Student: 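Okay, here's the structure, questions in a sec.
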Amino acid sequence: QVHLVASGGGSVQPGGSQRLSCAASGYTFSGNCMGWFRQAPGKEREGVAAIYTGAGSTNYAGSVKGRFTISEDNANHTVYLQMNSLKPEDAAMYYCAADLGCRVFSWNKYNYWGQGTQVTVSS
């Protein structure tokens with residue numbers, strides 16, 4: 001059974017950094033896409049960053065490119081989202097998700113989701 005557990009959210013000041021973690025279990029970690037999504041109140045959920053596990057290929061939304069970095073720890077079946085230079089507009093509930101058997105990055109094909117972790121950015 002696929003199980004994704006996100007953690008690491010919290011409150012940070014603008015310009016600060018935060019690292020989110022997503023621990024995966026119940027499937028073969030490598031060879032799949034794992035992504036981070038976020039949803040702010042009143043807004044649609046949006047894809048933020050994705051990684052093809054085992055190969056390290058990554059994909060980012062334009063709004064976070066250069067500030068966020070997605071990475072993996074293959075041995076521990078964990079994906080991270082390092083968020084730097086945080087802005088108030090980055091505040092949202094962040095979710096990790098898995099697209100098993102992905103061949104190309106697509107924000108619309110994630111079929112397994114973890115619970116969210118809240119990121120607040122304010123002074």
Side-chain angles (χ1 to χ4, degrees):
Q1 182 178 358
V2 176
H3 195 46
L4 304 173
V5 179
S7 61
S11 183
V12 62
Q13 293 186 342
S17 298
Q18 194 91 359
R19 190 178 80 157
L20 306 182
S21 301
C22 178
S25 62
Y27 68 99
T28 302
F29 186 72
S30 289
N32 297 288
C33 291
M34 289 195 69
W36 285 98
F37 293 74
R38 66 186 182 187
Q39 187 167 23
K43 295 188 176 181
E44 292 188 357
R45 186 176 63 197
E46 62 173 343
V48 174
I51 189 166
Y52 187 78
T53 54
S57 302
T58 57
N59 187 41
Y60 294 94
S63 59
V64 306
K65 195 171 293 185
R67 300 188 298 122
F68 290 12
T69 302
I70 189 170
S71 62
E72 61 173 316
D73 179 345
N74 206 288
N76 291 305
H77 296 183
T78 300
V79 170
Y80 301 99
L81 184 67
Q82 178 67 43
M83 305 183 294
N84 298 329
S85 302
L86 282 161
K87 306 175 181 179
E89 52 263 42
D90 294 317
M93 186 72 77
Y94 282 72
Y95 300 88
C96 65
D99 173 9
L100 302 189
C102 73
R103 291 293 178 264
V104 295
F105 287 120
S106 172
W107 298 121
N108 299 318
K109 294 186 177 179
Y110 287 80
N111 45 7
Y112 295 96
W113 294 84
Q115 91 292 358
T117 184
Q118 182 71 44
V119 173
T120 303
V121 184
S122 67
S123 53

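The model shown is predicted, which means the values in this text are computed figures rather than measured ones.
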Student: Would you please name every residue forming a side-chain contact (heavy atoms from CB on, under 4.5 Å) with Q82, sequence neighbours left out?
Tutor: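 With neighbours one apart ignored, the set is S17, R19, T69, N84.
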
Student: If you take all heavy atoms of A61 and G47, which pair is closest and at what distance?
Tutor: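 Distance-wise, the nearest heavy atoms are CB-O, 3.3 Å.
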
Student: Does anything in residues 60-81 pair up under salt bridge (Lys or Arg N to Asp or Glu O under 4.0 Å), and if so which pairs, sequence neighbours excluded?
Tutor: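 Found R67-D90.
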
Student: For T58, which residues count as a side-chain hydrogen bond (donor to acceptor under 3.5 Å, both in side chains) partner, sequence neighbours excluded?
Tutor: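 Expected list: none.
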
Student: Does anything in residues 45-55 form a salt bridge (Lys or Arg N to Asp or Glu O under 4.0 Å)? List the pairs, not counting sequence neighbours.
Tutor: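 Salt bridge (Lys or Arg N to Asp or Glu O under 4.0 Å) check on residues 45-55 returns R38-E46.
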
Student: Who else is in M34's hydrophobic cluster (ILVMFWY, side-chain heavy atoms under 4.5 Å, direct or via others)?
Tutor: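 Direct or chained contacts put M34 with V2, L4, V12, L20, Y27, F29, W36, V48, I51, Y60, V64, F68, I70, V79, L81, M83, L86, Y94, L100, Y112, V119, V121.
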
Student: Partners of T28 by side-chain contact (heavy atoms from CB on, under 4.5 Å), sequence neighbours excluded?
Tutor: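 By the side-chain contact (heavy atoms from CB on, under 4.5 Å) rule, T28 matches no residue at all.
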
Student: So which atom in G114 and which in Y95 form the shortest heavy-atom distance, rounded to 0.1 Å?
Tutor: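 Here G114 and Y95 meet closest at O-CD2, 3.6 Å.
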
Student: Just verifying a value: how many Å separate Q13 CD and Q18 CD, rounded to the nearest 0.5 Å?
Tutor: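 Rounded to the nearest 0.5 Å, the CD-CD separation comes out at 12.0 Å.
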
Student: Under 4.5 Å between side-chain heavy atoms, hopping through other hydrophobics if needed: is there a path connecting Y110 to M93?
Tutor: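 Shared cluster, yes.
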
Student: Looking at T53 and N32, would you say the former's side chain and the latter's main chain have a donor-acceptor pair under 3.5 Å?
Tutor: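 Yes, the answer is positive, given that a donor and an acceptor are paired below the 3.5 Å cut-off.
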
Student: Using a 3.5 Å distance criterion without hydrogens, assess whether the side chain of Q39 forms a donor-acceptor pair with backbone atoms of A92.
Tutor: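 No; zero donor-acceptor contacts below 3.5 Å.
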
